[in-house]
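Just below is one structure, and these are the notes that go with it.
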Amino acid sequence: MFHAVTCGILNSARNIATLQGKRHLYSRCPQNRNNLKWQFFSKGLFKSAVDCDPHNNGIFIQKAFRHTSTEEDDFHLQLTPAQISEVFRGGESSHRIIKHEGRPPNSVLRFESNQLAANSPVEDRQSIATCLQTKGMMFGVFDGHGGHACAQAVSERLFYYVAVSLMSHQTLEMMEDAMESMKPLLPILQWHKHPGDSLYKEVTSVHFDHLRVYWQELLDLHMEMGLSIKEALTYSFQRLDSDISLEIQAPLEDEMLRNLSLQVAFSGATACMAHIDGIHLHVANAGDCRAILGVQEENGAWSSMPLTRDHNAWNKAELLRLKKEHPESEERTIIVDDRLLGVLMPSRAFGDVQLKWSKELQQSVLQRGFNTEALNIYRFTPSNYYTPPYLTAEPEITYHKLRPKDKFLVMASDGLWDLLGNEDVVRLVVEHLEASRQKPELTEKPTNLGLMQSLLLQRKAKGLHAPDQTAATHLIRHAIGCNEYGEMDQERLSAMLTLPDDLARMYRDDITVTVVYFNSDSIDMFCKGSE
């Protein structure tokens, strides 16, 4: 039975890869690549082995659980519910905010996240941090394509640009004085979920130098207070993207730095980040990651409130923007087959300089002796490439004043939203919250052992999995494991987790989820204090 189900899914995977191009971010004709006339490229290049590099910051299905052949040979592998839960737990993290005496209450009660890879290595990233020199917490989800390099760089660097933008003139002066006198620098961020340390300290040094140039420019503005949050988010996105572009244009003697800078600039990443300060929630989005609120009305009814709009061909406002920025003669060629210039799904992203630079600049940079094949850099120019840039990293900013009825925030890469709608996501988070409240506390005095044994036998008879530890895990489980009727299918779930590496990305995307729970009492206190 399992063999038939699995092979059916593999066949479906091939069909989906062929017929449903919307799952692929890049669609282009590579040079000298097996003499293929046309080929789809997913968000990452297929590789045959799972990369367990700790910098990838994601779930890596153990090789014992992962098939690596595209042959439809016999599969004698089906994960048990316990093994499935073990795979999901590999990327789980959760954090509860600790109350500190003398400090105002935090509107964030706790947060959790999880990630499931489809690409090998995973191309999604996520970051969570508290600003130490200004107020506020930051949450970010970054969806890479064409490799993980750009998403990694943005996840490491963007929060620093935002934090510096919010600093007062006095704090920036203290930062600069410390640098000039070679004294310890004021701490900028407290990381709660760091994307992983940089691969090379030399790269971190170069990145910090450019961050310093940015705060020096902010100092020259002579503003007593920092930028507004909306300005800080907008300028930080655009400034970081500009620095990514300039870093590869500058002459670099170190070969490692040149290669990494090239990979960052020629891969890409969409980004969605939230800044939460008391009752003030700002969300900045560039691309097709998404953020929604879970809202509970006084009568107990739940609903979703979207905080972002996907930047792609299905967004009419985005189409209008693109057409206004280019000559009327290009109106029919800006979007082809629902892709930007026929090659890229999102219309806003970091990196992707092949859709931002002139042809001459691209040729000038790539002719500096790079081994583009070894670096997985594809030299191509889309048809109808006349008036770049066609792509921007400018974010769309949404402000929302939190209310006691705003219970949680869900941020996720498009891998989740491809499979679940906004209302489905809210329903599943609420379902998990209710199940968690009913779960017996094992730390308390044991209940009737006979009753507990009966419940365990019932669960075993029904083949149910143990309750997920986090709502983020619950969302991922249902995104990939539900059948067409919305019912959890254990065989389907097992098959989806054991798809061969070279087929997994054809059937689903990397999925990254962060769920932030709000403290309703604190929000109510903030609201009353602002009246």
Side-chain angles (χ1 to χ4, degrees), residues 25-26 30 41 43-47 49 51-58 60 117 119-127 140 142-161 191 194-214 236-271 349-357 361-380 391 393 510:
L25 259 74
Y26 281 121
F41 283 90
K43 286 189 175 182
L45 305 175
F46 295 135
K47 297 180 181 179
D51 186 344
C52 292
D53 188 332
H55 301 296
N56 291 333
N57 188 37
F60 297 96
N119 292 294
S120 179
V122 61
E123 295 180 347
D124 281 4
R125 295 292 186 273
Q126 55 186 321
S127 302
F142 312 95
D143 187 348
H145 49 262
H148 67 273
C150 188
Q152 176 71 27
V154 175
S155 66
E156 290 179 358
R157 303 174 64 182
L158 180 61
F159 284 8
Y160 283 106
Y161 280 71
W191 290 99
H194 196 279
D197 296 329
S198 294
L199 295 177
Y200 306 102
K201 292 182 178 179
E202 294 85 350
V203 177
T204 303
S205 176
V206 170
H207 293 172
F208 181 79
D209 289 343
H210 293 163
L211 178 67
R212 184 184 179 189
V213 170
Y214 178 51
S236 296
F237 270 61
Q238 294 177 295
R239 179 54 181 256
L240 175 56
D241 190 54
S242 175
D243 283 352
I244 287 172
S245 175
L246 292 173
E247 282 161 7
I248 188 55
Q249 295 178 50
L252 293 170
E253 294 183 3
D254 188 285
E255 182 180 2
M256 179 274 297
L257 289 178
R258 289 201 314 271
N259 289 342
L260 187 58
S261 296
L262 188 77
Q263 288 178 317
V264 171
F266 275 83
S267 61
T270 61
F350 285 89
D352 288 315
V353 294
Q354 60 271 41
L355 297 178
K356 297 174 180 176
W357 290 353
L361 179 56
Q362 293 183 47
Q363 185 176 10
S364 172
V365 169
L366 290 173
Q367 286 181 343
R368 295 180 189 171
F370 291 105
N371 186 341
T372 54
E373 288 287 316
L375 295 173
N376 287 329
I377 302 298
Y378 292 87
R379 301 178 62 173
F380 76 102
L391 190 66
D510 295 332

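- Interatomic distance, Y214 OH to L240 CG, rounded to the nearest 0.5 Å: 10.0 Å.
- Atoms CG and CD1, on N259 and I248 in that order, are 8.0 Å from each other to the nearest 0.5 Å.
- D243 CG to D209 CG: the interatomic distance, rounded to the nearest 0.5 Å, is 11.0 Å.
- Nearest heavy-atom pair across R239 and Y161 is CG-CE2, 3.7 Å.
- No donor-acceptor pair under 3.5 Å is formed between the side chain of D352 and the backbone N or O of L355.
- The shortest side-chain heavy-atom distance between N119 and D124 does not fall under the 4.5 Å cut-off.
- Classification of the F350-F237 ring pair by plane angle, with boundaries at 30° and 60°, yields tilted.
- By the 4.5 Å heavy-atom criterion applied to side chains, I377 and F370 are not counted as neighbours.
- Scanning all heavy atoms of the two residues, the minimum distance from S245 to W357 falls at OG-NE1, 2.8 Å.
- Here the closest non-hydrogen pair linking A151 and E123 is CB-O, 3.4 Å.
- The shortest distance between side-chain heavy atoms of F266 and T372 does not fall below 4.5 Å.
- Heavy atoms only, all atoms of each residue included: A349 and K356 are closest at O-NZ, 2.9 Å.
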Carefully, step by step, assess D241 and V154 under the rule side chain to side chain contact (heavy atoms under 4.5 Å, CB included). CA-CA 9 Å; D241 190 54; V154 175; over 6 Å; no

Would you please test I244 and R157 for side chain to side chain contact (heavy atoms under 4.5 Å, CB included) and show each step? CA-CA 10 Å; I244 287 172; R157 303 174 64 182; 4.2 Å; yes

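- Contact check for E247 versus V264: no side-chain heavy atoms found under the 4.5 Å cut-off.
- The two atoms that bring S267 and G147 nearest to each other are CB-O, 4.3 Å, heavy atoms only.
- Nearest heavy atom pair, residue G140 against residue F159, reads N-CZ, 3.6 Å.
- Considering only heavy atoms from C-beta on, Q249 comes within 4.5 Å of L361 through its side chain.
- No donor-acceptor pair under 3.5 Å is formed between the side chain of S155 and the backbone N or O of S127.
- For the atom pair C150 SG and D143 CG, the distance stands at 11.0 Å (nearest 0.5 Å).
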